[in-house]
Amino acid sequence: MQAYVYKSQRKQDTYVYLAVRDDFSAVPDALMATLGPLSFVLEVALTPERRLALADVNAVRANLAERGFHLQMPPPPVAPVKVPRRRDD
């Protein structure tokens, strides 16, 4: 399965995978408005063995087959770790 990956120019680290190159008809209008302009970054063969950096390849393949697109959002920020202060008595 081929996928075509586009980067949002408005939302940092947000990508849209499409099943058909330059066919944004499957992406809801409200989502397109939120993402702003998209720029093509990559064409990739999505095999079950392929590893993606921030997405599960099986979830991407399922979304492409069912919806025609997959949205990859940036990972949530990690909460800072609170370290108790040492008391000097």
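A quick note: this is a predicted structure, and the numbers were derived from the prediction, not measured.
Using a 4.5 Å cut-off on side-chain heavy atoms (C-beta onward), Arg61 and Pro48 make contact. Taking the side chain as every heavy atom from C-beta outward, Leu38 and Tyr15 never approach each other to under 4.5 Å. Contact of the Val5 side chain with the Val16 side chain is not registered, since no non-hydrogen atoms from C-beta on lie closer than 4.5 Å. For the pair Thr47/Val57, no side-chain contact is recorded, criterion being any heavy-atom separation below 4.5 Å from C-beta on. Using a 4.5 Å heavy-atom cutoff, the side chains of Leu46 and Gln2 are not in contact.
Note: Phe69 CZ to Leu31 CG = 6.0 Å, rounded to the nearest 0.5 Å. Remark: Glu43 CD to Leu18 CG distance equals 12.0 Å, nearest 0.5 Å. Put simply, CG on Asp56 and CZ on Arg51 are 10.5 Å apart, with the number rounded to the nearest 0.5 Å.
Pairing each heavy atom of Tyr17 with each of Leu64, the nearest pair is O-CD2, 3.4 Å. Taking all atoms of both residues into account, the shortest heavy-atom contact from Ser39 to Gln9 is OG-NE2, 2.7 Å. When all heavy atoms are compared, the tightest approach of Ala55 to Val60 is CB-CG2, 3.8 Å.
Ring pair Tyr4/Phe40 is tilted by interplanar angle, where 30° to 60° counts as tilted.
With hydrophobic clusters built from ILVMFWY side chains whose heavy atoms lie under 4.5 angstrom apart, Met1 shares a cluster with Leu42. Side-chain heavy atoms closer than 4.5 Å link hydrophobic residues (I, L, V, M, F, W, Y) into clusters, and following such links, possibly through other members, connects Met73 to Val27.
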TODO: Check the pair Leu35 / Leu71 against side-chain contact (heavy atoms from CB on, under 4.5 Å), numbers first and verdict last.
DONE: CA-CA 10 Å; Leu35 296 175; Leu71 178 64; 4.3 Å; yes

- [ ] Any chance you could lay out the side-chain contact (heavy atoms from CB on, under 4.5 Å) test for Arg10 and Thr34, step after step, and finish with the verdict?
- [x] CA-CA 8 Å; Arg10 187 177 295 158; Thr34 300; 5.7 Å; no

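Residue Gln12 qualifies as open at atom CD: its count of foreign heavy atoms under 6.0 Å is 12 or below. Within 6.0 Å of CG in Asp29 there are 12 or fewer heavy atoms belonging to other residues, nucleotides or ligands.
No donor-acceptor contact under 3.5 angstrom links the side chains of Thr14 and Gln72, judged on distance only. In summary, the side chains of Asp22 and Tyr6 do present a donor paired with an acceptor at a separation below 3.5 Å, with no hydrogens or angles considered.
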